[in-house]
Protein chains: 2
Amino acid sequence: MVSKLDKKKQRGENTRKALIKSTIDCLDRLGYAETSINRVLEGVDVSRGALMHHFPSKEDLVIGTVDFLLSRILRHYQQESPNSFPFAQVTHSDNGTLADALVTYWKNIIDTPEGRAFSEIIMATRTDKALSLRISPKLEDWNEQLNQFFLPPGLDEEAIEDVTLTLLIWRSFIRGMIFQQEFHSDPDYIEKIIRKFAMIMEPHLRLVQTQSGA
Amino acid sequence: MVSKLDKKKQRGENTRKALIKSTIDCLDRLGYAETSINRVLEGVDVSRGALMHHFPSKEDLVIGTVDFLLSRILRHYQQESPNSFPFAQVTHSDNGTLADALVTYWKNIIDTPEGRAFSEIIMATRTDKALSLRISPKLEDWNEQLNQFFLPPGLDEEAIEDVTLTLLIWRSFIRGMIFQQEFHSDPDYIEKIIRKFAMIMEPHLRLVQTQSGA
DNA sequence: TCTTTTACATACCAAACGTACGGTATATAC
DNA sequence: GTATATACCGTACGTTTGGTATGTAAAAGA
């Protein structure tokens, strides 16, 4: 049975979601600098008071958005694990090449409104100390949790470090592509770079597979 | 002989340089969002009128800063070419490993106030259309010029593409490290990732060397 | 000498910013 | 019924923003 309280809480939850969605949209379209409370409100039918009720400050709105984005990616892995991640996908099955998997990851996760909004926040976190204090621990936790998806039990310390570093190289590269995009007017060229990267990384991912005993 | 005109022009040039330096400092410390005209002026003994004289709008100030940063890196290559670039360094001489060269590049070029300021502007360019129209052509030119340092004459089309893509992978990776830094409280860990990347890339850089006939 | 240009200074502006706060409606708890 | 909590509304505040208008001093060119 759905009580009146549940309905009310549901309404509040919907408002929160709408505000976060609008925030993501603003971050993607306007960037962090131009994402103001007014702009967020323009994109959604919510009053100024309602926003301040759910998110007492702009910083709280950003934190709420980060929480949503981090859990979104974790959910992505949990749902499809272990076949969701490009590396896992190519090492656990023969459906498609590593290059295809990496390009798909770029298109479905990184080069999306959510992925770009996430990058905007990470970039802002670098210089906003108050934001950094609240977000950095979340990022370190999240990073750790992600790594767990690709670390089968029983690995020795050296192998764990090897896998972890390889994953970080992949993440650093793919995030750097957001910058690199600005240097190329042709979007197909981005795909070309990713495919070349996949070719170079392939042997090292096979190494990961061997070590994990899969 | 130094005329009074020269002195005056020199004075103006000094003011421009000071403003750009302060802008870089603000971008590095505060990020693009918090880099305002007032903040830039706080860091330097120049009046508001003087700033508006040299840079009629905030956008002009950013463009001026970009011009400075781009030419700074080009100068770096021109001075030390062909031994300045990590790849060239390791392929043209035996002084140090590729890993050392890449770490040095990270520390001396990317992870500096100028490098971080540059990243802030690139990131802002993604969403600021007016800025993008003025900066993107500069970036494409600059990218092209940089590539020329590592493309010896006489390479066939396929080899050129191969070298170009390898360089772009390196650049994308190292720029992505600026994001990645936010995920790790230990700065030494960044160096570890770069060294692992160097290990993976080494054979492909030797390939470049062979193809270029060096 | 007179005019123009360059370099800089001061004062001010409208617009936008994030935040605070008083108020309404509705639900639950006692 | 009364108290309390939640969800939401709308206005007003003080500050900061990028930008402009107007002025001065000095050097250059006519």
Side-chain angles (χ1 to χ4, degrees), chain A residues 1-20 22-23 26-27 29-65 121 124 127-131 134, chain B residues 1-23 26-27 29-65 120-121 124 127-131 134:
Chain A
M1 180 205 151
V2 180
S3 74
K4 286 182 180 178
L5 176 61
D6 286 339
K7 273 189 182 178
K8 195 175 181 179
K9 284 198 171 172
Q10 187 59 46
R11 192 190 168 197
E13 198 51 42
N14 287 343
T15 304
R16 279 180 65 92
K17 282 260 173 68
L19 287 169
I20 287 174
S22 180
T23 304
C26 284
L27 287 169
R29 287 184 305 108
L30 313 169
Y32 194 88
E34 295 296 317
T35 296
S36 68
I37 289 180
N38 287 332
R39 282 274 169 62
V40 169
L41 288 174
E42 275 174 23
V44 73
D45 194 27
V46 173
S47 74
R48 198 173 186 77
L51 191 152
M52 295 319 284
H53 170 70
H54 290 288
F55 304 102
S57 75
K58 191 191 173 185
E59 195 182 295
D60 291 311
L61 178 59
V62 173
I63 299 287
T65 304
I121 296 176
T127 47
D128 190 326
K129 204 152 181 240
L131 208 59
R134 295 179 66 181
Chain B
M1 179 203 151
V2 180
S3 73
K4 286 182 179 177
L5 176 61
D6 286 339
K7 274 189 181 175
K8 196 173 182 179
K9 283 197 171 171
Q10 188 59 48
R11 191 188 169 199
E13 198 52 42
N14 287 343
T15 304
R16 279 181 66 91
K17 282 260 174 67
L19 287 168
I20 287 174
K21 281 277 161 67
S22 180
T23 304
C26 284
L27 287 169
R29 287 184 305 109
L30 312 169
Y32 194 89
E34 295 296 317
T35 296
S36 68
I37 290 180
N38 288 332
R39 282 276 169 63
V40 169
L41 288 174
E42 275 174 22
V44 73
D45 194 26
V46 173
S47 72
R48 196 175 185 80
L51 190 152
M52 297 317 279
H53 170 70
H54 289 288
F55 304 102
S57 74
K58 190 191 173 182
E59 195 181 295
D60 291 310
L61 178 59
V62 173
I63 299 286
T65 305
E120 289 285 338
I121 295 176
T127 47
D128 190 324
K129 209 160 178 232
L131 208 60
R134 295 179 67 182

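These figures come from a predicted structure and were not determined experimentally. Computed from heavy atoms alone, side chains included, the values below leave out hydrogens, waters and symmetry copies.
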Between [X] ([atom1]) and [N] ([atom2]), how many Å, whole number?
| X | N | atom1 | atom2 | value |
| --- | --- | --- | --- | --- |
| Lys58(B) | dG19(D) | NZ | C1' | 12 Å |
| Glu13(B) | dC8(C) | CD | C1' | 15 Å |
| Leu61(A) | dC17(C) | CG | P | 14 Å |
| Leu51(A) | dT11(D) | CG | P | 17 Å |
| Met52(B) | dC13(C) | CE | C1' | 13 Å |
| Leu41(B) | dA9(C) | CG | P | 10 Å |
| Glu42(A) | dA16(C) | CD | P | 10 Å |
| His53(B) | dA9(C) | NE2 | P | 11 Å |

* Which pair of non-hydrogen atoms, one from Leu51(B) and one from Val46(B), has the smallest distance, and what is that distance? -> N-CG1, 4.1 Å
* Return the nearest nucleotide to the side chain of Ser47(A); candidates are dT17(D), dC9(D), dG18(C). => dC9(D)
* Asked: What's the closest nucleotide to the Ile37(A) side chain, out of dT19(C), dA7(C), dA16(C)?
  -> dT19(C)
* To do: Would you please test Arg134(B) and Asp60(B) for salt bridge (Lys or Arg N to Asp or Glu O under 4.0 Å) and show each step?
  => CA-CA 10 Å; Arg134(B) 295 179 67 182; Asp60(B) 291 310; 3.0 Å; yes
* Structure fact -> By nearest-nucleotide position on DNA chain C, the 5'-leaning member of Arg48(B) and His54(B) is His54(B)
* Asked: Donor-acceptor pair, Ser22(A) side chain versus Val40(A) backbone, under 3.5 Å?
  -> yes
* Spell out, as yes or no, whether a donor-acceptor pair under 3.5 Å connects the side chain of Lys58(A) to the backbone of Thr35(A). => yes
* Asked: Does OP1 or OP2 of dC8(D) have a side-chain N or O of Thr15(A) closer than 4.0 Å?
  -> yes
* Side-chain N or O of Asn38(B) less than 4.0 angstrom from OP1 or OP2 on dT17(D)? -> yes
* **Under 3.5 Å donor-acceptor pair, Arg39(B) side-chain atoms to dT17(D) base atoms** => no
* Side chain proximity check, Ile63(B) to Leu131(B), heavy atoms < 4.5 angstrom -> yes
